[in-house]
Amino acid sequence: MKRLHVLAATIFLSLNTFGQTKEDSIQFNKISTEILNNGKAYNELRDLTKNIGHRLSGSAAYEKAVQWAAQQLRDAGADKVWLQEVMIPVWERGKESLQIKTNTGKWKSLKMLSLGNSEGTGGKDISGEIIMVKSLDEYEKLPAEKVKDKIVFFNYPFSQSYIETFKGYSDAAKYRVNAASLTAKKGGKFAIIRSLSSAFDDVPHTGAMRYENDHKIPAVAIGSSVADELEILLKSQKVTAKLNSNCGMKGEKLSHSVIGEITGKKDKSVIVVGGHLDSWDVGEGAHDDGTGIVQSIEVLRTFKKLGIQNNHTIRVVCFANEENGVKGGIQYGKTAKENDEKHLFAIESDAGGFTPRGIALEMDETKRKQIQSWKPLFLPYGAYDFENKYSGTDIYPLKDMGVPAVELVPDSQRYFDIHHTEEDTFEKINRRELLLGATVMTQLIYMVDKNW
């Protein structure tokens with residue numbers, strides 16, 4: 001019995017060393033009750049997606065979203081709201097079409113999307129024979145004369161073996177990013193990639209690519225089932241492709257990230273919570289990343305509604321231009337450094353609005369262990385995974401400055417079915433899942449603010 005008392009005392013001391021108390025459990029319940037019953041995030045997301053819609057950086061819709069976000073932060077109770085100037089790249093899609101035909105067939109249109117930042121054909125038809133490769137190794141072995149004047153089809157499937165689907169995405173992403181430059185180096189006319197999708201359908205996924213030099217050729221994506229059909233055709237006959245597209249970069253323009261905060265009662269040290277306000281120009285940008293925006297605003301609203309006296313400044317940042325430049329995140333980090341602002345912590349929600357499963361932690365081991373020690377508080381809310389070591393794209397500049405950075409980890413099994421597609425709409429959002437994500441974020445910010 002004495003040993004049990006000693007063990008209990010040791011656990012109690014350990015918990016209190018890391019700042020976990022019974023009062024925290026009570027506060028967690030208050031936060032959950034408030035958000036699940038009175039949370040505004042779901043209705044705000046409906047407004048953002050249905051009345052503004054997709055909002056590519058540089059578009060008129062994005063500028064409407066800037067004003068929308070500023071008003072939502074004011075309505076949530078922010079002490080201060082402002083716009084941070086950001087120079088962003090402007091990319092436009094325009095009309096586009098991709099057709100194929102066999103030696104004996106007629107032209108057949110395929111569903112496709114040009115990859116973000118890709119140059120197009122200038123509205124002219126570009127055609128040629130398709131050659132298929134299943135991997136980068138296979139492509140590297142092809143002599144340049146086999147590629148010259150051809151269309152290269154990179155048919156690399158999204159791996160279904162990873163339980164964490166972001167690993168499958170990371171594995172396949174190099175094809176989207178590099179296909180055009182790889183094809184150009186060997187004289188190809190344009191590149192086609194199999195979409196980075198966990199689904200088996202004909203829905204194409206866009207997403208950012210980049211050029212390694214000034215020789216810029218187009219790159220487009222097709223859906224998984226279309227890729228499978230094309231592979232079957234190529235195994236038995238010659239197939240020609242014809243692309244006509246008007247996409248391309250249109251220089252830069254001045255735009256804004258949107259920032260709102262509630263002032264710390266103890267000091268001016270900053271805790272950042274955010275997502276990115278822009279989206280691709282298809283779908284409605286619901287899961288990517290409308291959910292992160294409204295969840296972040298919900299954190300601020302809940303602190304104000306419950307009268308939680310925050311020690312440090314809690315700052316919501318709606319970052320500009322994450323999808324095709326990360327200029328908002330870079331500018332925020334640059335400004336924070338120039339202003340010599342002390343940042344204690346940063347969290348981003350940019351992995352969809354599905355049920356929260358945990359928090360990925362990118363920080364020194366002492367702080368990792370401290371947050372991991374709070375796991376019992378989060379378990380009743382379904383968050384159990386605190387083992388991953390990564391953080392959101394927009395807060396990487398802060399992470400590089402030594403700021404502890406984290407990312408909300410929702411269930412990802414359905415995310416890459418709709419990521420960067422016309423399918424990313426408000427109808428794919430479940431209210432309770434969305435609000436549970438906001439709950440876990442608010443609970444974490446409460447603990448960090450109290451103990452750091």
Side-chain angles (χ1 to χ4, degrees), residues 27-55 65 68-69 71-78 165 198-199 260 273-277 279 283-306 308 316 318 347-359 377-385 392 407-446:
Q27 189 64 271
F28 269 41
N29 179 259
K30 288 181 180 179
I31 289 169
S32 174
T33 299
E34 169 60 26
I35 293 177
L36 292 179
N37 284 283
N38 303 313
K40 307 294 185 185
Y42 187 70
N43 290 336
E44 288 175 353
L45 185 61
R46 180 192 286 115
D47 187 27
L48 176 63
T49 55
K50 295 304 180 185
N51 293 325
I52 296 178
H54 57 68
R55 45 205 179 273
W68 176 90
Q71 187 59 52
Q72 299 308 312
L73 284 163
R74 294 186 194 102
D75 292 346
T165 58
S198 53
V273 53
H276 63 86
L277 187 56
S279 76
E284 295 172 349
H287 276 287
D288 188 20
D289 184 30
T291 55
I293 292 295
V294 297
Q295 286 172 332
S296 299
I297 295 171
E298 192 72 52
V299 173
L300 188 151
R301 187 196 71 82
T302 304
F303 265 75
K304 294 291 284 190
K305 183 67 181 294
L306 294 180
I308 301 172
V316 174
C318 305
I347 179 173
E348 183 165 11
S349 172
D350 183 21
F354 296 107
T355 302
R357 300 299 190 196
I359 306 288
L377 288 168
F378 289 95
L379 282 175
Y381 306 93
Y384 60 86
D385 184 359
E407 184 164 19
L408 182 69
V409 180
D411 187 289
S412 69
Q413 302 310 315
R414 292 169 287 168
Y415 185 58
F416 290 107
D417 288 8
I418 62 177
H419 182 246
H420 294 176
T421 76
E422 63 187 15
E423 299 292 314
D424 185 10
T425 62
F426 177 75
E427 287 74 20
K428 301 299 190 302
I429 305 294
N430 175 274
R431 180 183 180 277
R432 283 188 62 83
E433 291 182 336
L434 174 70
L435 294 178
L436 276 170
T439 295
V440 170
M441 291 170 67
T442 307
Q443 291 165 337
L444 179 62
I445 295 300
Y446 161 77

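Applying the salt bridge (charged side-chain N to carboxylate O under 4.0 Å, His left out) test to every pair with at least one member in residues 286-299, sequence neighbours left out, gives these pairs: E298-R301.
In terms of the ring pair (Phe, Tyr, Trp, His ring centres under 6.0 Å) criterion, Y381 has no residue partners (sequence neighbours excluded). For R414, the side chain to side chain donor-acceptor pair (under 3.5 Å) partners at least two apart in sequence or on another chain are E433. In this view, F354 and H287 satisfy the ring pair (Phe, Tyr, Trp, His ring centres under 6.0 Å) rule, not counting sequence neighbours. Partners of V316 according to the side chain to side chain contact (heavy atoms under 4.5 Å, CB included) rule, which considers only residues two or more places apart in sequence or in another chain, are L73, V273, S296, I297, L300, C318. By the ring pair (Phe, Tyr, Trp, His ring centres under 6.0 Å) test, F303 is found to be paired with no residue, residues two or more places apart in sequence or in another chain being considered. By the salt bridge (Lys or Arg N to Asp or Glu O under 4.0 Å) test, D385 pairs with no residue at all, sequence neighbours left out. Scored by the salt bridge (Lys or Arg N to Asp or Glu O under 4.0 Å) test, R432 finds no partners at all (sequence neighbours excluded). For K304, the salt bridge (Lys or Arg N to Asp or Glu O under 4.0 Å) criterion is met by D79, not counting sequence neighbours. Every residue two or more places apart in sequence or in another chain that forms a side chain to side chain contact (heavy atoms under 4.5 Å, CB included) with T165 is listed here: F158, S412, Q413, F416. Evaluation of the salt bridge (Lys or Arg N to Asp or Glu O under 4.0 Å) rule for E407 yields no partner, not counting sequence neighbours.
Between the side chains of E423 and T421, no donor-acceptor pair of N or O atoms lies under 3.5 Å. A donor atom on one side chain and an acceptor atom on the other are not found under 3.5 Å apart for D411 and T355.
In terms of modelled atom types and a separation under 3.5 Å, the side chain of Q443 and the main chain of F28 share a donor-acceptor contact. No side-chain donor-acceptor contact under 3.5 Å links R357 to the backbone of Y384.
Closest approach of F378 to V440, counting heavy atoms only: CE2-O, 3.8 Å. Between D350 and Y415, the closest heavy-atom pair is O-OH, 4.0 Å. Across all non-hydrogen atoms, the minimal contact from Q295 to L408 is OE1-CD2, 3.9 Å. The two residues G285 and S279 come nearest to each other via the heavy atoms CA-CB, 3.7 Å. Minimum heavy-atom separation, I308 to Y446: CG2-CD1, 4.3 Å. Across A286 and F426, no two heavy atoms sit closer than the pair CB-N, 3.7 Å.
To the nearest 0.5 Å, the span separating CD1 on I31 from OG1 on T442 amounts to 6.0 Å. Note: L277 CG to I293 CD1 = 5.0 Å, rounded to the nearest 0.5 Å. Atom-to-atom distance recorded for S32:OG and Q27:CD is 11.5 Å, nearest 0.5 angstrom. Taking CG of N29 as the start and CG of L377 as the end, the distance is 11.5 Å to the nearest 0.5 Å.
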**Study point:** Stepwise side-chain contact (heavy atoms from CB on, under 4.5 Å) test for Q72 and L48
**Key:** CA-CA 10 Å; Q72 299 308 312; L48 176 63; over 6 Å; no
Exercise for review: Apply the test side-chain contact (heavy atoms from CB on, under 4.5 Å) to residues D424 and K428: give CA-CA distance (whole Å), side-chain angles for both, the deciding distance (0.1 Å), then the verdict.
Suggested key: CA-CA 7 Å; D424 185 10; K428 301 299 190 302; 5.5 Å; no
Exercise for review: Check the pair T425, T49 against side-chain contact (heavy atoms from CB on, under 4.5 Å), reporting the backbone distance first and the verdict last.
Suggested key: CA-CA 7 Å; T425 62; T49 55; over 6 Å; no
Output side-chain donor-acceptor pairs under 3.5 Å for residues 37-45, partner residues at least two apart or in another chain, one line each.
residue	atom	partner	partner atom	Å
N37	ND2	T33	O	2.8
N38	ND2	E34	OE1	3.1
N43	OD1	R46	NH1	2.8

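Side-chain contact between I359 and M441 is absent, with no heavy atoms from C-beta onward closer than 4.5 Å.
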